[in-house]
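Okay, structure first, notes after.
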Number of protein chains: 2
Amino acid sequence: MLDERKRRVLQALTDDYIQTAEPVGSRNLARKYNLGVSPATIRNEMADLEDEGYLHQPHTSAGRIPSDKGYRYYVDELMAPWNPGPPERSAVYREVRAVGRAMEEMIHEAAKLLARATRYASVVAAPRLEASILRHIDLVPLDDTRIVVVLVADPGFVRHRIAEVRRPVTEEDCQRMAAGLNRRLVGMRCGDIGRDRLAEIREEVGRGELYDTVAELLASELSDPSSEKVYLEGTLNILEQPEFRDVERARSLLAVLETKDALSQVLSAAGRSEEPTVIIGQENPLEGLRECSVVSSAYRIGNEVIGVIGVLGPTRMEYAKAVGMVRYVAEHLSEALVALVRRR
Amino acid sequence: MLDERKRRVLQALTDDYIQTAEPVGSRNLARKYNLGVSPATIRNEMADLEDEGYLHQPHTSAGRIPSDKGYRYYVDELMAPWNPGPPERSAVYREVRAVGRAMEEMIHEAAKLLARATRYASVVAAPRLEASILRHIDLVPLDDTRIVVVLVADPGFVRHRIAEVRRPVTEEDCQRMAAGLNRRLVGMRCGDIGRDRLAEIREEVGRGELYDTVAELLASELSDPSSEKVYLEGTLNILEQPEFRDVERARSLLAVLETKDALSQVLSAAGRSEEPTVIIGQENPLEGLRECSVVSSAYRIGNEVIGVIGVLGPTRMEYAKAVGMVRYVAEHLSEALVALVRRR
DNA sequence: GGTTAGCACTCTTCGGGAGGGAGTGCTAAG
DNA sequence: CTTAGCACTCCCTCCCGAAGAGTGCTAACC
């Protein structure tokens, strides 16, 4: 659709704009990238590219800026692939693949790393407990009316909540009930352990206030569909971007990002492809993110996609680096996670 | 030291400046606060207050602004006490005193609430595990070479880490070892469970790789003095303050706050008084925080101070509200925490 | 016919006054 | 001691002009 020279112009212009954040003029383009033609010719090409919607001008007599359509074309066809170098690689090995971490912590570390490496904000959706297999329940009395309920589920979920009862219970009560719950529930999919299921085994496992309290807590923790955890890291990086030199813009963006709900929407819009997905500006479903782009990738345990990790920055984003880094982190996160369950 | 009229002028001026963030002139002061004297008189008083260092002028022919010394006097002697109204009270009851939370989560919620209520950033130092009493250790096999180590300590600490061994272990191995560890360690102060102590009981409890791995993990988790957790919330609020309308300032402040180390310093400088402490501007030990004030208070379990919670904002801070709110939250947090251990 | 040099034109940005406004400090009178 | 009056200072805003960057068009060139 675009001839070779237009492609080269669009590529050079986008590269330049991504670097400088300033509208790019024909003279500059001719000087810095040897396109083999004069500024006048480039001007003609730029005018064509603008007519076709790949570029736009902030005002007459300014240089051009890629439009969302321009970025889209750049991302799909033009950009030079970027691969992590030694510093990025070693950071991933050091921080994501470090041992001794439960799954959620590992995922959280991956998000922090991604933010640091790209200098954008990073977002990550942690897997839902629902879909995982319950491995162990533990009841630890804190005092005679409070019990720590510890849940361990399959690929490395560990959660704890505190249950409170009116009538004192003993350590033996807790042990007996934990044994009963484990006998009947371990191996089940967490999402299937709803109130119904818990009511069914009430007779056998325990009855009494302790059972009811613990059961209620389990039901709400295990099968609450709104329990998706979303992390946001590196918000401070947003302030470094020249498009957010204005505090008001930065603030309104950050305000949007602070609502976990918005983040979930962003990540679900990104889909669950295992190859990095790029959402550019207006393609974004959320009003407040129309000047941002999101690069995200699913991560897996084995063949099963369990979450999404990505970066969020201005539309003028280093897409090549973002895509390369997201891919690398997602891959290694997946490998680290599968290692958590590999010997089963 | 200051006569009554000077006190009233300083008070009115500070109140006004805190509200408007604009230098306050004599005419304005005379109009808005009925001080019973003319602007000219107020001017004389203001000149005196400036000579004595309570005020300063950004430039000739601008109004006055309180200096750090002025704020200090205002905080110590002048400001009208502020007490939380129904909305603040109910928020505290709803969010801090809600049940089902482990201690650290409760503290974290208190910080979030404080940030929301004051519209400043909030900081909180969570108690050190070291000083608390170990209550329970649980070893849950995740697969045959990975074990979730769950620690429960006295006032509601729950932590988990994952230990990895080379030679497969069975569920029975774990149970046996957990029982042994509990028998020998429960009731001890966590900080006293160092490598020495763990080596002593090695013979009795378990030997072998499993013991060594778990022991190493316990030692690092229980007695690591650098493990103080510090939370920072409401950073976004900083951007609302007119003194941070300039992105660069906001960014450099937030960059300082993102280093947990700096936060620890701030909170330790605040001391551990149970009555709210105010640190104003230059009084702050940290270079980057010389234009900020911190209002903080210790919180307790029973009579023992276990941490510090506070808010951080520009020196032009609503001190009365900050102090009132910090006091209220710290008190209720202390009560909620003591409730965690009351039946022992 | 595509390419390029030349040029007039447009639009933003930046610096330098001018004018207005807020506030002060001083003086002298009450 | 207090206050009215007043000259003075300094900032802020607006406006203007110059500079600079970049364009689009035209006409010549290959």
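In this text the structure is predicted, and so the values were computed from the model without any measurement. Below, chains carry the letters A, B, ... as their sequence lines are ordered, and counting in each starts from 1.
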Notebook entry, point to check: Ignoring hydrogens and angles, does a donor from either the side chain of Ser61(A) or the base of dT10(C) sit under 3.5 Å from an acceptor on the other?
Noted result: yes
Check: Does the pair Gln57(A) and Ile65(A) meet the rule for a side chain to side chain contact (heavy atoms under 4.5 Å, CB included), with working shown?
Finding: CA-CA 6 Å; Gln57(A) 247 177 328; Ile65(A) 286 177; over 6 Å; no
Checklist line | 5′-ward residue of the pair Gly36(B)/Pro58(B) relative to DNA chain D | finding: Gly36(B)
Checklist line | Nearest-Å distance for atom pair NE2/P, residues His56(B) and dG23(C) | finding: 16 Å
Notebook entry, point to check: Should Asp16(B) and Tyr33(B) count as side-chain neighbours, where that means a heavy-atom distance under 4.5 Å?
Noted result: yes
Next item on the list: May I ask you to evaluate whether Thr60(A) reaches the phosphate of dC11(C), defined as a side-chain N or O under 4.0 Å from OP1 or OP2?
Entry: yes
Item checked: Nucleotide nearest Gln57(B) (side chain, heavy atoms from C-beta), chosen from dT3(D), dG25(C), dC25(D) -> dG25(C)
Notebook entry, point to check: In whole Å, what is the span from the CE atom of Met46(A) to the P atom of dG22(D)?
Noted result: 9 Å
Item checked: Whole-Å distance separating the CG atom of Leu35(B) from the C1' atom of dT3(D) -> 15 Å
Note to self: With nearest nucleotide decided by heavy atoms, which residue, Arg5(B) or Arg43(B), maps closer to the 5′ end of DNA chain D?
What the structure shows: Arg5(B)
Notebook entry, point to check: Is any side-chain nitrogen or oxygen of Arg64(A) closer than 4.0 Å to OP1 or OP2 of dT23(D)?
Noted result: yes
Notebook entry, point to check: Any N or O donor-acceptor pair linking the side chain of Thr41(A) to the base of dT3(C) at under 3.5 Å?
Noted result: no
Check: Are Glu243(B) and Arg249(B) close enough, and set up right, to give a salt bridge (charged side-chain N to carboxylate O under 4.0 Å, His left out), and what steps lead you there?
Finding: CA-CA 8 Å; Glu243(B) 19 280 276; Arg249(B) 293 170 76 118; over 6 Å; no
Margin query: Assuming nearest nucleotide by heavy-atom distance, tell me which of Ile42(A) and Glu50(B) is located more 5' along DNA chain C.
Written below: Ile42(A)
Notebook entry, point to check: Is a donor-acceptor pair below 3.5 Å formed from side chain Arg31(B) to base dG23(C), judging by atom type as modelled?
Noted result: no
Check: When the distance from CG of Asn28(B) to C1' of dA22(C) is rounded to whole Å, what number comes out?
Finding: 10 Å
Next item on the list: Please assess Leu10(B) against Lys6(B) for the test side chain to side chain contact (heavy atoms under 4.5 Å, CB included), listing each intermediate value before the final yes or no.
Entry: CA-CA 6 Å; Leu10(B) 180 55; Lys6(B) 283 201 176 49; over 6 Å; no
Next item on the list: Starting from C1' on dT2(D), measure out to CG on Asp48(B) and report it in whole angstrom.
Entry: 14 Å
Next item on the list: For Ala40(A), answer base if it contacts any base atom (sugar-phosphate contacts may also be present), sugar-phosphate if it contacts only those atoms, and nothing otherwise; contact means non-hydrogen atoms under 4.0 Å.
Entry: base
Next item on the list: Calculate the interatomic distance between Arg27(A) atom CZ and dT23(D) atom P; express it in whole Å.
Entry: 10 Å
Checklist line | Rounded interatomic separation in angstrom, taking CG from Asp3(B) and P from dC1(D) | finding: 11 Å
Next item on the list: Using a strict 4.0 Å threshold on nitrogen-to-oxygen distance, state whether Glu233(A) and Arg116(A) make a salt bridge.
Entry: no
Next item on the list: For Leu29(B) and dA22(C), give me the distance from atom CG to atom P, rounded to whole Å.
Entry: 16 Å
